[in-house]
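Working notes, beginning with the structure itself.
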Amino acid sequence: MDARIAPSLLAADYARLGEQANAVSNADWLHVDVMDNHFVPNLTIGPPVVASLRRVTDLPLDCHLMIDNPDRWAVGYAEIGARNVTFHAEAARDPVAIARTLHGAGALAGLAVKPNTPLEPYLEILAEFDLLLVMTVEPGFGGQRFMAEVLPKVAEARRRVESGHLRLILEVDGGVNEQTIEQAAAAGADMFVAGTAVYSADDPAKAVDALRARAAAAQRPAAG
Ligand code: DX5
Ligand code: ZN
């Protein structure tokens with residue numbers, strides 16, 4: 001199990017997105033937060049900007065859709081070249097159908113759960129997904145405090161992966177920094193989104209490497 005880092009452009013300068021994407025070319029994925037001012041109070045970017053980003057970076061784009069009606073909108077992000085498209089369980093009418101449509105369009109499919117959303121109702125359908133995103137803050141804004149209390153969900157998912165019942169990238173998002181990343185890695189996460197911790201650093205690329213090293217050191221050896 002590798003520790004992979006996905007810097008979140010939410011904390012970048014939106015007037016210099018291409019430059020800011022290229023400042024972390026040593027990252028594993030680039031996390032793009034799509035917010036619609038309905039599912040979450042904040043409003044960010046949509047398909048035209050994602051399509052432009054696709055042309056300016058070789059990093060795989062990890063689109064995190066914090067939007068209503070992903071049943072209608074998720075596939076568009078796959079069609080413009082996102083490597084992974086994650087949508088929220090709380091917003092989806094038919095998550096399995098969305099996952100299949102994403103696969104049909106050549107992308108990976110991710111399911112996200114908010115801090116108060118339990119995993120149990122979704123354990124069965126996770127077999128249809130490539131990634132589980134456990135939110136470690138309430139979605140909507142960067143710079144919030146990491147909620148360690150949700151880590152039992154990561155640990156539960158990791159147990160199911162290790163027992164061979166699921167095959168998933170386990171991603172955490174929100175409040176991840178050089179301190180909190182260790183707890184998330186110890187719980188079994190292997191993909192770490194970091195906005196503020198990367199883009200408020202003097203050297204974002206260096207911050208990515210430092211985060212990855214911290215996570216790798218904290219991952220449970222047995223998880224190999
Ligand atoms: C929050 C977004 C996150 C956000 C994380 O709703 O999903 O991706 O950018 O920002 P930090 O790392 O600053 O908590
Ligand atoms: Zn996100």
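If you're wondering where the values come from, they're calculated on a predicted model, not measured in any experiment. Whatever order the structure lists ligands and atoms in, that order sets their numbers, starting from 1.
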### Task
Could you say whether the N/O atoms of Ala194 and ligand 1 ever approach to under 3.5 Å?
no

### Query
Which ligand 1 atoms does Pro139 reach within 4.0 Å, using its non-hydrogen atoms?
6 (O)

#### Entry: atom 1 (C) of ligand 1: the protein heavy-atom neighbour that sits closest, reported with distance to 0.1 Å
Phe141 O, 3.6 Å

#### Entry: Residue pairs involving residues 105-140 (criterion ring pair (Phe, Tyr, Trp, His ring centres under 6.0 Å); sequence neighbours excluded)
Phe87-Phe129

### Query
Do Asp28 side-chain atoms and Ala6 backbone N/O form a donor-acceptor pair below 3.5 Å?
no

### Task
Measure the distance from atom 14 (O) of ligand 1 to every protein heavy atom, then report the residue, atom name and distance (to 0.1 Å) of the closest one.
Gly175 N, 2.7 Å

### Message
Quick one: does any side-chain atom of Asp2 pair with a main-chain N or O of Arg4 as donor and acceptor, under 3.5 Å?
### Response
no

### Task
Name the closest protein heavy atom to atom 13 (O) of ligand 1, giving the residue it belongs to and the distance to 0.1 Å.
Thr196 OG1, 2.4 Å

### Query
Is the side chain of Thr44 donor-acceptor paired with the backbone N or O of Asp33 at a distance under 3.5 Å, no angle test?
yes

### Task
Give a yes or no on whether the backbone of Leu53 and the side-chain of Thr57 come within a donor-acceptor separation of less than 3.5 Å.
no

### Candidate with minimal heavy-atom separation from atom 9 (O) of ligand 1, of Ala6, Ser8, Gly143, Gly195
Ser8

### Query
Do other residues, nucleotides or ligands put more than 12 heavy atoms under 6.0 Å from the CG atom of Asp13?
yes

### Query
With a 4.0 Å cut-off on heavy atoms, is Gly140 touching ligand 1?
yes

### Task
Look only at the side chain of Asn26 and the backbone of Ala205, and say whether a donor-acceptor pair between them is shorter than 3.5 Å.
yes

### Query
Hey, does the side chain of Thr180 reach the backbone of Gly175 with a donor-acceptor pair shorter than 3.5 angstrom?
yes

#### Entry: Min N/O separation Val137 to ligand 1 under 3.5 Å
no

### Minimum heavy-atom distance between Ala194 and Val176, given as atom pair plus value
CB-O, 3.9 Å

### Query
Can you list the steps and then say if Glu128 with His103 is a side-chain contact (heavy atoms from CB on, under 4.5 Å)?
CA-CA 10 Å; Glu128 302 270 348; His103 288 150; 5.7 Å; no

### Query
Between the side chain of Lys206 and the main-chain N/O of Ala201, is any donor-acceptor distance below 3.5 Å?
no

### Message
For the 3.5 Å polar cut-off, considering only N or O atoms, please tell me whether Met35 and ligand 1 meet it.
### Response
no

### Message
If we set the cut-off at 4.0 Å for heavy atoms, which region of Leu10 has an atom near ligand 1: side chain, backbone, both, or neither?
### Response
side chain

### Message
So if I count the atoms of ligand 1 from 1 in the order they appear, which ones are less than 4.0 Å from some heavy atom of Asp173?
### Response
2 (C), 3 (C), 4 (C), 5 (C), 7 (O), 8 (O)

#### Entry: Check ion pair Arg159-Glu156 (N to O, under 4.0 angstrom)
yes

### Query
Taking the side chain from Asp71 and the backbone from Arg93, do they hold a donor-acceptor pair closer than 3.5 Å?
yes

### Query
Is any N or O atom of His64, backbone or side chain, closer than 3.5 Å to an N or O atom of ligand 1?
yes

### Task
For Gly174, counting its heavy atoms only, list the atoms of ligand 1 lying under 4.0 Å from any of them.
14 (O)

### Task
List every atom of ligand 1 that sits less than 4.0 Å from any heavy atom of Gly142, numbering the atoms from 1 in the order shown and giving each element.
10 (O), 13 (O)

#### Entry: Atoms of ligand 1 close to His31 [distance to a heavy atom under 4.0 angstrom, numbered from 1]
8 (O)

### Query
Under 2.8 Å from the Zn ion (ligand 2), which protein atoms of type N, O or S occur, listed by chain and number?
His31 NE2, Asp33 OD1, His64 ND1, Asp173 OD2

### Query
Just by distance, do the side chain of Thr136 and the backbone of Phe146 share a donor-acceptor pair under 3.5 Å?
no

### Query
Taking both backbone and side-chain atoms of Val193, is any N or O found less than 3.5 Å from an N or O belonging to ligand 1?
no

### Message
Return the closest protein heavy atom for atom 2 (C) of ligand 1 as residue, atom name and distance.
### Response
Asp33 OD1, 3.4 Å

### Query
When you measure from the side chain of Glu90 to the backbone N and O of Lys114, does any donor-acceptor pair fall under 3.5 Å?
yes

### Distance filter under 4.0 Å to Met66 heavy atoms, resulting ligand 1 atoms
6 (O), 7 (O)

